[in-house]
Asker: 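Supplied in structure tokens, the structure appears directly below.
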Amino acid sequence: MTTKTTQQPDIAPEMASLTVSIVTFFAFACGATTANVYYSQSIAGLIASNTHLPASLAGLIVTTTQIGYGMGLFFLVCLADLVENRRLVLITTVGTILSLIGVATSTSPSVLLITSFSLGICTVGSQVLVPLAVHLSPEHKRGKIIGNIMFGLVSGIMLSRPLASFLAGLWGWRAIFVFSAVVMLGTFVLIARVLPQWYPQPKRGYLATLRSMFNLLSTSRTLQRRAAYQGTMFGVFNMFWTAAPPMLHLRFGLAQSGIAAFALAGAAGALSAPLAGKVADRGGSKIGTGVVIGCAGIALLMSGWGQAVASLMTLVFAAIILDAATQANQVFGQRAIQSLDAEARGRLNAAYMTVIFICGAIGSALGSFTYYHRGWDTTAVVGACLALAILLVFMTELRAKKSA
């Protein structure tokens, strides 16, 4: 039976003091939903050849999905401040299921790209769950709960590529989208049964809500800094994982299965998210941010050395450190922005994630450009320099605190 909460924005009702099982479900739902954005990355060539899309345009499948996701982040996630949250998540989940069926049954490039775009838009339902979980949790446990949910979300992202490759090898590329549609159907049923309701108290219309996100970005120093920190980290993360597969194939001779195993090893970094949540709850977000940004830079330099001396184990360690640092910083950032304004959590998350997603897309393009033009050493050095640059920006925050 579902429970209807009160309309007090920053008071977690007793029932909604999220139990372990509900938090686990939040984490699973976020991971299963967000994974849909990434399934096509490792099998885009197979999809293109089977749907008569030219091989040179195979990247459009991934790009179209990600453009849809970016638009959904901006135009849909902010609705969490306007409409009942469970209903919003249910609607986007239905859209995700229908889009997955559309992708799985597509036989032409036009249908494939349209349904991929729709899939990207609808999967942002997972980003509505984050502020909802914060609404339903007590202040002293918010970091821990966000960390656990981020662990599920990141696990879904990291497992999506190897799972897609595995199922495509067994039953063809359509199998992963059919499989995901079944998983999302089960998720929909569980959402309807166990997810608590949350009714916001809107004070503005939809267009005013969109405008207010720009206002939040232009006036909130915390939002600006946290978006800059995590945007840079996610950009560096995407640089690494965009350039790593071709480098692993050419330098180490790894086939698709070997690259998938490398990605699975790197996924161990997601374990940092719950730990980061506990650190955040104890007031350690600020020092933790500096530490993880520094670790990201070190990881990129490690990867450059590992590739130069042909040490695959060094690259695995670098991947784990980079993933752990990126996920920990995401938890620190979410904990900070979700504490700014209880009535604007949907808009804050929408603005924050939109900036991060744009930075991630730039990072992917930069990773491809640096690797194919100058090699892995350049990718690693540029990534490390970006981490150093944002670390210097972060240090200005510390200096400002000392002089205040």
Side-chain angles (χ1 to χ4, degrees), residues 25-44 46-48 51 58-77 88-106 111-130 149-168 171-191 195 234 238 241 260 263-264 267 270 353-354 356-357 360-361 364:
F25 173 67
F26 267 83
F28 169 79
C30 281
T33 304
T34 308
N36 291 300
V37 181
Y38 299 91
Y39 284 136
S40 61
Q41 285 190 340
S42 60
I43 56 173
L46 292 175
I47 299 174
T51 55
L60 276 179
I61 302 169
V62 178
T63 301
T64 302
T65 306
Q66 293 188 341
I67 290 174
Y69 186 71
M71 293 187 68
L73 284 172
F74 186 81
F75 290 104
L76 292 185
V77 175
L88 178 59
V89 176
L90 285 171
I91 291 172
T92 56
T93 303
V94 170
T96 300
I97 295 169
L98 295 176
S99 299
L100 285 165
I101 294 172
V103 173
T105 57
S106 60
V111 174
L112 172 65
L113 294 178
I114 291 171
T115 52
S116 294
F117 179 74
S118 173
L119 179 62
I121 290 177
C122 294
T123 50
V124 298
S126 61
Q127 294 300 332
V128 177
L129 291 173
V130 177
I149 293 173
M150 286 298 106
F151 170 72
L153 189 150
V154 173
S155 296
I157 293 173
M158 298 304 294
L159 293 173
S160 62
R161 301 177 185 92
L163 180 61
S165 297
F166 176 73
L167 291 182
W171 297 304
W173 69 267
R174 299 179 194 273
I176 184 60
F177 297 101
V178 174
F179 168 80
S180 185
V182 173
V183 171
M184 294 308 301
L185 179 60
T187 302
F188 174 87
V189 173
L190 288 173
I191 290 171
L195 197 67
F234 192 54
N238 277 7
W241 285 107
L264 282 174
M353 290 304 302
T354 299
I356 290 171
F357 186 79
S364 294

Asker: ring-ring contact (aromatic ring centres under 6.0 Å, His included) with Phe357: which residues, sequence neighbours excluded?
Answerer: Tyr69

Asker: To check you understand the geometry: which heavy-atom pair defines the closest contact between Leu46 and Ala168, and what is its length?
Answerer: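 Where Leu46 meets Ala168 most closely, the heavy atoms are CD1-CB, 4.1 Å.
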
Asker: Measure across Ala35 and Gly156 and return the closest heavy-atom pair with its distance rounded to 0.1 Å.
Answerer: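 What the structure gives for the nearest pair is CB-O, 3.4 Å.
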
Asker: Can you tell me how far apart CZ (Phe26) and CD1 (Ile191) are? Round to the nearest 0.5 Å.
Answerer: 9.0 Å

Asker: I'd like to know if the side chain of Ser180 pairs up with that of Asn36 as donor and acceptor (distance under 3.5 Å, no hydrogens or angles considered).
Answerer: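 Ser180 vs Asn36: donor-acceptor pair found between side chains.
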
Asker: Can you confirm whether Leu100 sits close enough to Met184 that some side-chain heavy atom of one is under 4.5 Å from a side-chain heavy atom of the other?
Answerer: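 They are in side-chain contact.
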
Asker: For Ile61 versus Ser40, what's the shortest heavy-atom pair and its separation?
Answerer: CG2-CB, 3.9 Å

Asker: So, taking the atom named OG1 in Thr65 and the one named CG in Leu60, what distance separates them when rounded to the nearest 0.5 Å?
Answerer: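 It comes to 10.0 Å.
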
Asker: Judged by atom type as modelled, is there a donor-acceptor pair below 3.5 Å linking the side chain of Thr115 to the main-chain atoms of Leu112?
Answerer: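 A pair under 3.5 Å: yes.
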
Asker: Run the numbers on Val62 and Tyr38 for side-chain contact (heavy atoms from CB on, under 4.5 Å), then give the verdict.
Answerer: CA-CA 8 Å; Val62 178; Tyr38 299 91; over 6 Å; no

Asker: Write down the atom of Ala361, the atom of Asn238, and the distance for their closest heavy-atom approach.
Answerer: N-ND2, 4.3 Å

Asker: Just verifying a value: how many Å separate Phe74 CZ and Ile121 CD1, rounded to the nearest 0.5 Å?
Answerer: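 Result: 14.0 Å between the selected atoms.
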
Asker: Of all residues at least two apart in sequence or in a different chain, which pass the side-chain contact (heavy atoms from CB on, under 4.5 Å) check with Cys30?
Answerer: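 Counting only residues at least two positions away or on another chain, Cys30 forms a side-chain contact (heavy atoms from CB on, under 4.5 Å) with Ser126, Leu129, Ile149, Leu153.
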
Asker: To the nearest 0.5 Å, what is the distance between CG (Leu195) and CZ (Phe188)?
Answerer: 11.5 Å

Asker: Would you say the side chain of Met150 lies within less than 4.5 Å of the side chain of Val130, judging by non-hydrogen atoms?
Answerer: yes

Asker: Please find the pair of heavy atoms, one from Thr92 and one from Gly125, that lie closest to each other, and give the distance.
Answerer: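 Smallest heavy-atom distance, with atoms named: OG1-CA, 3.4 Å.
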
Asker: Give a yes or no answer on whether the side chain of Thr51 reaches the backbone of Ile47 with a donor-acceptor pair at less than 3.5 Å.
Answerer: yes

Asker: With side-chain contact (heavy atoms from CB on, under 4.5 Å) as the test, would you mind laying out the steps for Leu73 and Gln127 before giving the verdict?
Answerer: CA-CA 8 Å; Leu73 284 172; Gln127 294 300 332; 3.6 Å; yes

Asker: With a 4.5 Å cut-off on side-chain heavy atoms, are Ile176 and Trp171 touching?
Answerer: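 The answer is no, as the side chains (C-beta and beyond) never meet within the 4.5 Å cut-off.
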
Asker: Is Thr34 reaching over with its side chain to a backbone N or O of Gly31, donor-acceptor style, under 3.5 angstrom?
Answerer: no

Asker: Output the distance between atom CZ (Arg174) and atom CG (Leu167), rounded to the nearest 0.5 Å.
Answerer: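 With rounding to 0.5 Å, CZ (Arg174) is 15.0 Å from CG (Leu167).
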
Asker: If only atom types and distance count, is the side chain of Ser106 paired as donor or acceptor with the main-chain N or O of Val103 below 3.5 Å?
Answerer: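 Yes, the answer is positive, given that a donor and an acceptor are paired below the 3.5 Å cut-off.
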
Asker: Do the non-hydrogen side-chain atoms of Phe117 and Met71 ever get within less than 4.5 Å of each other?
Answerer: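 With C-beta onward as the side chain, the pair touches.
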
Asker: Taking all atoms of both residues into account, what is the closest heavy-atom pair of Ser99 and Cys122, and its distance?
Answerer: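 Smallest interatomic distance, heavy atoms only, reads OG-SG, 4.3 Å.
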
Asker: Going through the checks in order, is the side-chain contact (heavy atoms from CB on, under 4.5 Å) test met by Ile97 and Ile101?
Answerer: CA-CA 6 Å; Ile97 295 169; Ile101 294 172; 4.1 Å; yes

Asker: Rounded to the nearest 0.5 Å, what separates atom CG in Leu185 from atom OG1 in Thr96?
Answerer: 12.0 Å

